[in-house]
Amino acid sequence: MSRATRLAPPAVLPEDLDGLHRVLLGWYSASARDLPWRRPGVCPWGVLVSEVMLQQTPVARVEPVWRSWMERWPTPADLAAEPPGEAVRAWGRLGYPRRALRLHAAAGAVVERHGGRVPADPDELAALPGVGGYTAAAVAAFAHGARVPVVDSNVRRVLARLVQGRELPPPHLTRAEVDLARALLPRRRAATWSVAVMELGALVCTARSPRCEACPVLDRCRWQSLGRPAYDGPPRRGQAWTGTDRQCRGTLLRVVREGPASGVPVSRLEAAWPDATQASRCLGSLLEDGLVEQAGDDLVRLPA
Ligand code: ADE
């Protein structure tokens with residue numbers, strides 16, 4: 001038996017799918033947050049930028065950065081015309097800054113391969129540098145209305161509870177979860193359905209303290225009907241931060257970002273972190289990732 005099968009047995013679809021669609025789509029139209037990338041008329045580039053930013057960062061931190069990014073670079077060609085370091089600078093403190101380089105590379109590929117227009121086809125999207133399966137599906141659905149499953153961590157948790165009767169999904173995405181999300185898509189308004197499930201996970205069916213009393217589909221929830229059993233799957237890894245290389249890299253990158261465009265002395269970077277060995281290792285990895293570059297013997301700057 002494969003690992004995926006063991007972790008996620010085939011789901012029994014809810015009985016009244018039409019009713020489920022109606023209730024959740026109704027809840028979404030009454031309760032969804034008014035987020036700028038969801039507004040009618042937002043271009044596919046705006047959706048791509050939002051999805052890359054939102055993958056590992058909360059909405060409240062993404063919103064101001066997304067707005068200024070779209071003001072400065074309203075099309076992929078605008079971003080592609082700038083050096084990659086400008087994308088890293090504008091990324092600010094969103095975290096996981098390799099995403100800025102990936103967006104810059106994707107913008108260049110959109111210009112070269114697609115005449116500057118973000119493609120609609122999920123395979124063409126997934127072929128762009130740094131665009132993975134999730135982002136490709138999200139852009140195809142939210143920007144172009146494609147009927148494809150969009151499965152992020154909120155969707156995974158909602159479907160684990162609502163359909164599988166489990167508190168949490170398995171640690172890593174399985175094919176069974178994507179198949180389940182596909183089987184649940186309504187014929188019409190599939191993209192709105194996906195964002196509605198996402199929104200339920202963000203606002204009500206949260207990871208730690210779900211607000212079940214406010215849930216529009218409480219009476220259809222398998223986890224609820226089983227008495228909300230606790231998660232009993234394989235261990236899930238949390239994201240450590242304090243003292244990690246990720247924190248150290250973030251600190252060093254901030255010093256470079258806030259320093260002169262000509263570069264910052266390595267000694268200043270080393271002084272910005274208490275552990276010299278770790279600082280040196282992290283500087284090496286930032287150079288290797290292309291997030292910073294050497295500008296002379298002892299200077300480091302954003303990539304020009
Ligand atoms: N709306 C569309 N995509 C979203 C996402 N990934 N997170 C939050 N809201 C969204």
Side-chain angles (χ1 to χ4, degrees), residues 21 24-70 76 91-100 102-103 106 118-120 122 125-126 128 130-162 168-169 172-173 177-178 181-182 184-186 188-208 210-211 214-216 239:
H21 292 148
L24 200 47
L25 286 166
W27 172 83
Y28 179 75
S29 65
S31 314
R33 290 167 294 178
D34 176 22
L35 301 177
W37 46 85
R38 292 182 185 169
R39 296 216 172 131
V42 168
C43 63
W45 167 240
V47 173
L48 172 59
V49 172
S50 75
E51 289 299 341
V52 172
M53 289 182 174
L54 286 162
Q55 256 163 58
Q56 279 142 318
T57 310
V59 161
R61 286 175 57 207
V62 165
E63 206 170 330
V65 181
W66 182 87
R67 284 182 195 282
S68 54
W69 186 288
M70 294 307 296
W91 198 255
R93 305 191 66 179
L94 286 185
Y96 297 101
R98 273 173 287 190
R99 293 182 291 167
R102 297 209 304 259
L103 259 182
V118 174
L125 282 161
L128 296 172
V131 173
Y134 166 78
T135 310
V139 174
F142 301 145
H144 299 290
R147 188 171 176 273
V148 292
V150 184
V151 186
D152 75 347
S153 57
N154 281 324
V155 171
R156 296 182 66 210
R157 187 174 57 256
V158 170
L159 300 189
R161 290 179 183 163
L162 182 66
L168 297 170
H172 302 288
L173 179 67
E177 291 178 86
V178 179
R182 185 178 294 106
L184 291 173
L185 289 176
R188 292 177 50 253
R189 304 183 68 200
T192 310
W193 162 260
S194 295
V195 77
V197 177
M198 228 180 234
E199 194 73 340
L200 188 72
L203 299 183
V204 175
C205 195
T206 54
R208 282 191 202 95
R211 299 171 47 233
C215 182
Q239 299 247 25

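As the structure lists them, so they are numbered: ligands from 1, and atoms in each ligand from 1. In this chain, numbering begins with 1 at the start of the sequence shown.
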**Q** List of N/O pairs, ligand 1 versus protein, all under 3.5 Å?
**A**
residue: ligand 1; atom: 1 (N); partner: Arg38; partner atom: NE; Å: 2.9
residue: ligand 1; atom: 3 (N); partner: Glu51; partner atom: OE2; Å: 2.5
residue: ligand 1; atom: 6 (N); partner: Glu51; partner atom: OE1; Å: 2.9
residue: ligand 1; atom: 6 (N); partner: Tyr134; partner atom: OH; Å: 3.4
residue: ligand 1; atom: 9 (N); partner: Arg38; partner atom: NH2; Å: 2.9

**Q** Listed by chain and number, what are the salt bridge (Lys or Arg N to Asp or Glu O under 4.0 Å) partners of Arg189, not counting sequence neighbours?
**A**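 Counting only residues at least two positions away or on another chain, Arg189 forms no salt bridge (Lys or Arg N to Asp or Glu O under 4.0 Å).
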**Q** Main chain of Met70, side chain of Trp45: is a donor-acceptor contact present, judged purely on distance under 3.5 Å?
**A**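 Not a single qualifying donor-acceptor pair exists.
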**Q** Closer than 4.0 angstrom, basic N to acidic O: yes or no for Arg33 and Glu63?
**A**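 No, no charged N to carboxylate O under 4.0 Å.
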**Q** Could you give all pairs that pass the ring-ring contact (aromatic ring centres under 6.0 Å, His included) test and reach residues 130-158, with sequence neighbours left out?
**A**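 Output for this query is empty, none listed.
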**Q** Given Thr135 and Gln55, is the side chain to side chain donor-acceptor pair (under 3.5 Å) satisfied, shown in steps?
**A** CA-CA 9 Å; Thr135 310; Gln55 256 163 58; 2.5 Å; yes
**Q** Would you please name every residue forming a side-chain hydrogen bond (donor to acceptor under 3.5 Å, both in side chains) with Gln56, sequence neighbours left out?
**A**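 Checked Gln56 against side-chain hydrogen bond (donor to acceptor under 3.5 Å, both in side chains); zero matches.
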